[in-house]
Structures are given as structure tokens and as C-alpha cells.
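Okay, structure first, notes after.
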Amino acid sequence: MKILLHACCAPCLMAPYKNLSESHDITVFWYNPNIQPYREYLRRLRTFREYTQKIGVKVIEDLSYPLEDWLYKASILSRKSNVLRCRFCYADRLFKTAKKAKDLGMDAFTTTLLLAPYQKHEMVKEIGGSIASRVGIKFYYEDMRKWFDESEKMARNAGIYRQGYCGCVFSEADRYWRDKI
Ligand code: SF4
């Protein structure tokens, strides 16, 4: 099956790519306007590029970074709940991935957001399914959490940059500020 695999970052790409490419034709897609600040975005993008070039992966990048628009929507939703903000963030990235996969004539799309246990796994799965129906392309679901330890180990062994928070400034505050007060 030809699958467009959305990658949220290099460490989360490692084991999913390795395992999925054993039985599928995988192209990796970068689209992550949720990563802030911009310097952090560039750092994760640079790590992603170094890794994918090293192992010879087919890559498509969407480098759009609508910061004001993203923060405006995320701020409004954040005031209501973090869950709504993450829902918007997942849907934004998955919709873009599904559209790209459809435009390229692929069979399916999926995402490395299904890897980390700290992501809202059931929400990612549900949004992927509903976007698949809207766009008219299959969402390839696999519970990638079984590969999380393997991906962590691969990232440690490769010595690549491993970020300390999910991506947006809200998650950065949760990680480094709120816990310390
Ligand atoms: S915490 Fe992570 S998933 Fe949720 S909005 Fe921020 S970057 Fe997106």
C-alpha cells in the first residue's frame, strides 16, 4: 500500500518508519505549524532532515507556518480546554496530510502521532477516520504505541535531538513553567 506518513518529529518517526516500510511503500510528510517558538521549529526540522537524508527516505515538506492564525485559534480554544486545542492541532495536520495523499494518488495516510503514549491516541484515531471520509482516502490505523520504546531507543542510539515538550507554547509552559510554581 502507498502510504503518506505524517511525521511530527524525527524521534517519533524512527520505529514507525522502520516497521511500516517492511510491508508498505512509505513517503514521509512534514507539516507541523504547531511547533513554537520558531527556533524550536527549525531545530526539529533540521533534525528531521538530517535523519531522513541519512536513511534515504522519500520526503515531502510543507513548510507553511501561519503563526498568527494558529495561535489565534489555539488561544481561543485553550481558554475553553486543552483538549479542544489539541483536537484543532491534530485535525489541522491530519487534514493537510490526507489532502496531500489524495492529490498524490496514494492509497492511505497516517501519522506518527499514534506513537507516543502522551498523545491523545483515541482522539487522533477518531479524527483520522473522520477526515478520511471527508477527503475520500483511507486512514491507515495502527496502534504504534507498541513501537514507542523501540523509537526512544533508536533516537538515543542515534544521538539526535529529543525535545522536552509536545510542540506549542502552551505545552512548553505546561512542561517548564506551571509545574515549577
Ligand atoms: S499540546 Fe501538542 S497536540 Fe496539543 S495543541 Fe500543543 S502541540 Fe498540538
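Throughout, residue positions are numbered sequentially from 1 according to the sequence presented. Side chains included, hydrogens not; waters and symmetry mates left out as well; all remaining heavy atoms used. In listed order, ligands and their atoms are each counted from 1. Bear in mind the structure is a predicted one, so any value in this text is a computation, not a measurement.
Taking E40 as the reference, R44, Y161 meet the side chain to side chain donor-acceptor pair (under 3.5 Å) condition, with sequence neighbours excluded. A search for side-chain contact (heavy atoms from CB on, under 4.5 Å) contacts involving K73 returns D69, F88, not counting sequence neighbours. Under the ring pair (Phe, Tyr, Trp, His ring centres under 6.0 Å) criterion, Y65 pairs with Y38, Y41, sequence neighbours left out.
The shortest heavy-atom distance from F88 to ligand 1 is not under 4.0 Å.
Relative orientation of the F139 and F109 rings is tilted, given thresholds of 30° and 60° on the angle between their planes.
A salt bridge links R87 with E126: the distance from a Lys NZ or Arg NE/NH1/NH2 to an Asp or Glu carboxylate oxygen falls below 4.0 Å.
There is a side-chain donor-acceptor pair under 3.5 Å between Q119 and Y90.
Protein heavy atom closest to atom 5 (S) of ligand 1, with residue, atom name and distance, is R85 NE, 3.3 Å.
Test E152, K146, M154 against E150 for side chain to side chain contact (heavy atoms under 4.5 Å, CB included) and you get one pass: M154.
Closer than 2.8 Å to atom 2 (Fe) of ligand 1 sit the protein N, O or S atoms C166 SG.
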